[in-house]
Structures are given as C-alpha cells and as structure tokens.
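Note sheet for the following structure.
Both ligands and their constituent atoms are indexed starting at 1 by order of listing. In this text the structure is predicted, and so the values were computed from the model without any measurement. All values below were derived from every heavy atom in this structure, side-chain atoms included, with hydrogens, water molecules and symmetry-related copies excluded.
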Amino acid sequence: MIIDSHCHLDDSSFDEDRNEVLKRAREAGVDLLLAIGTGNGPPDLEAAVRLAAEHDFVYATVGVHPHDARKATPETYDRLAELCKHPKVLALGEIGLDYHYDHSPRDTQRKVFIRQMEIARQAGKPIVIHTREAWADTAALLEEDWGSAGLGGIMHCFSGDAEQARQSLELGFHISFAGVLTFAKAEELRQTATAVPMDRLLVETDAPYLTPAPFRKIRRNEPCYVVETARKLAEIRGISFEEVAKATTRNFLRLFDLPAPD
Ligand SMILES: [Zn+2]
Ligand SMILES: [Zn+2]
C-alpha cells in the first residue's frame, strides 16, 4: 500500500468523476489519502471534512491557504479550532507563505500563518506547510512559533535546496515529494531527495496539480499517480518501490498516530 499525503480531492475538476478517481487510487494501492481542506478559502472550511466523512480511507486537514489569508476573520479561527476536534482531521494545512502569487498581502499572510500555528499547537496537531519564494520568512516564523511545539508536520511539495531540507528536518518536519521530482529539470531536487533520511520521507500528488512524468500530458493529476513519484524516489535512492511505499506509509501513520488501515 501507499499513501497520497496531499491532494485537493474537493477540487471542482473532480466533481464529475470523484468516485472513479478514488476507485483508480484504490486499484493502484493507494489505501489512504489526506484531503487538503483549504478549498476556496473561508468561510467554507469543511471542503475536506465532507469528503472524509463519506469515505473511510480519506482523512482531512483544515486551514486557510496563504492565498486566502485576506479572507480570514475571527470566526474563521473559532471554526478551525472547533473542526480540529473532528476525528478525521489530522492537521492544520496547508498553511504558510506564498510570495510568488501574492494573492494576499504579505503581512496578512504572516499574521494568518502565526495564528493558525497557535490553533494547531492548542489542538496538538501537526501542520502542513506551503511555502513559495518565501523561505526566509517561513523558516523564521517556524523557528519562533513552531519548533518548540514538538508536533512536527509536513513540508508539502518540497522543492527547496539541501540547506532548506536540513532546516526543515531540524524543525521536526517530514519532507513530502510531489510529481516535480519526476520532471526532467529537477536534477538538483533529486539530489536533495537522496539525502533525506528514510524515516522522514513522504510522497504526495498535490492533485489536480503537478501531474508526474510520464503522464504530464494528462492535465489533471489524480491520487493514483502518486506511485510514479514513489517509483522515481526508489530509482534515485537505489532501492525498491516496495521499500519506498513501506517507509512513507509507516512515516505517515506514525506522524499522525494512526493504526494501519485494513
Ligand atoms: Zn501548496
Ligand atoms: Zn496543495
């Protein structure tokens, strides 16, 4: 079995055939998925919780994506804290900073990020980090507000360099690789991926984005393709696919204190 540790299963591109997509995932050995609940932003914070309630093997996160930071209100935070008590909510995420798109003002992004780390800390939940062209600020805020929590989390769709990987590990994070790892141009990232300790590795799709090679022509990524990223990880580390599947599954279950699914 293998776990897709990050997908946007609520995305409207899955509205027509979501059950087929889930069926293909199961057939590919994806026995657990973490649906990211950021959706279209507040006030709807339950995009992933709804799906997790429908399917045993789907778990959820809740959170405000940095893109939507400007939509957060005091009610948003109350509701997030409330939703953290839901038995299938594993983490706060994806939260962080995105200075590439700047869809929300940077100071608002930072405030909303800090506030959500507080909620996660109070709820005793790990966090899922999205960071783009904002590493220095992301690392500084994590250092200040998260490192000491001891709750860890996931650096999602990791695309940083070796030094950023080292810092992430030191802050207690797991490092999750997406389809980017399979892209022709990602040689440096593959180098970095070989240096991440086996017990801190995860794989994800970030579906419907970032379809891995050799399926890049298919516009919409979906959870079954997580096996391609795992295959690439196995190839560059010189180990078997089964070893990658086993390690990443074990890491995910341990991080979230979950029993192995049947
Ligand atoms: Zn992201
Ligand atoms: Zn995402």
message = With a sphere of 6.0 Å drawn around CD of Glu133, does it hold more than 12 non-hydrogen atoms of other residues, nucleotides or ligands?
response =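 Yes, CD of Glu133 has more than 12 neighbouring heavy atoms, counting only those of other groups under 6.0 Å.
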inquiry  = Taking the cut-offs as 6.0 angstrom to the six-membered ring centre and 45 degrees off its axis, would you call Arg26 and Phe57 a cation-pi pair?
reply    =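 Arg26 over Phe57 ring: yes.
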Residue pairs, two or more places apart or on separate chains, that pass salt bridge (Lys or Arg N to Asp or Glu O under 4.0 Å) and touch residues 170-179 =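 As it turns out, the salt bridge (Lys or Arg N to Asp or Glu O under 4.0 Å) pairs with a partner in residues 170-179, which skip direct neighbours, are Arg166-Glu170.
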task = Quick one: list whatever passes salt bridge (charged side-chain N to carboxylate O under 4.0 Å, His left out) with Arg18, sequence neighbours left out.
result =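 Expected list: Asp15.
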task = Would you kindly say whether Thr205 and Asn221 are connected by a side-chain donor-acceptor distance under 3.5 Å?
result =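 Judged by distance alone, the side chains do not pair up.
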query = So what's near the Zn ion (ligand 2), protein N, O or S atoms under 2.8 Å?
reply =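 Metal shell, protein only: His6 NE2, His8 NE2, Glu94 OE2, Asp206 OD1.
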query = With sequence neighbours excluded, what pairs up with His103 under the ring pair (Phe, Tyr, Trp, His ring centres under 6.0 Å) test?
reply =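 Expected list: His67, Tyr101.
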